[in-house]
A.B. asks: 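This structure is in structure tokens; I'll ask about it shortly.
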Amino acid sequence: MSQTRIPHGDEKVTVELTVKELMALSGIRFHNNHHIEISARKKLNEVIENTCRDVQSEGPIDYQLLV
């Protein structure tokens with residue numbers, strides 16, 4: 001099994017979530033309030049996009065580094 005290398009993949013990031021958002025991401029369902037999970041996922045995606053943008057600003061990623 002090959003492992004994919006992600007530049008700066010071991011760096012830590014901080015995401016600010018409410019307790020309800022954290023619970024929703026862990027699998028607890030809020031049947032009357034689905035936007036909690038959506039909000040949490042949006043926050044995670046924003047952090048991922050910002051992190052990837054920082055890596056892209058350092059230049060292109062060589063294909064060999066990803067495999």
A.B. asks: Consider only side-chain heavy atoms of I, L, V, M, F, W and Y, link residues closer than 4.5 Å, and tell whether Leu22 and Phe30 are in one cluster.
C.D. replies: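 Per the 4.5 Å side-chain linkage, Leu22 and Phe30 are not co-clustered.
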A.B. asks: Any pair with a residue in residues 26-35 that passes salt bridge (charged side-chain N to carboxylate O under 4.0 Å, His left out), sequence neighbours left out, goes on the list, sorted by first then second residue, please.
C.D. replies: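 Found Arg29-Glu37.
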A.B. asks: Who pairs with Val13 by side chain to side chain contact (heavy atoms under 4.5 Å, CB included), at least two apart in sequence or on another chain?
C.D. replies: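 With neighbours one apart ignored, the set is Val47, Thr51.
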A.B. asks: Kindly compute the distance separating CD (Glu49) from NZ (Lys42), expressed to the nearest 0.5 Å.
C.D. replies: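 It is 11.5 Å, given to the nearest 0.5 Å.
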A.B. asks: Partners of Leu25 by side chain to side chain contact (heavy atoms under 4.5 Å, CB included), sequence neighbours excluded?
C.D. replies: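 In terms of side chain to side chain contact (heavy atoms under 4.5 Å, CB included), with neighbours along the sequence ignored, Leu25 is linked to Leu17, Ala40, Arg41, Leu44.
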A.B. asks: Taking all non-hydrogen atoms of both residues, which atom of Val15 and which atom of Lys43 are closest, and how far apart?
C.D. replies: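 For Val15 versus Lys43, the nearest heavy atoms are CG1-CB, 4.2 Å.
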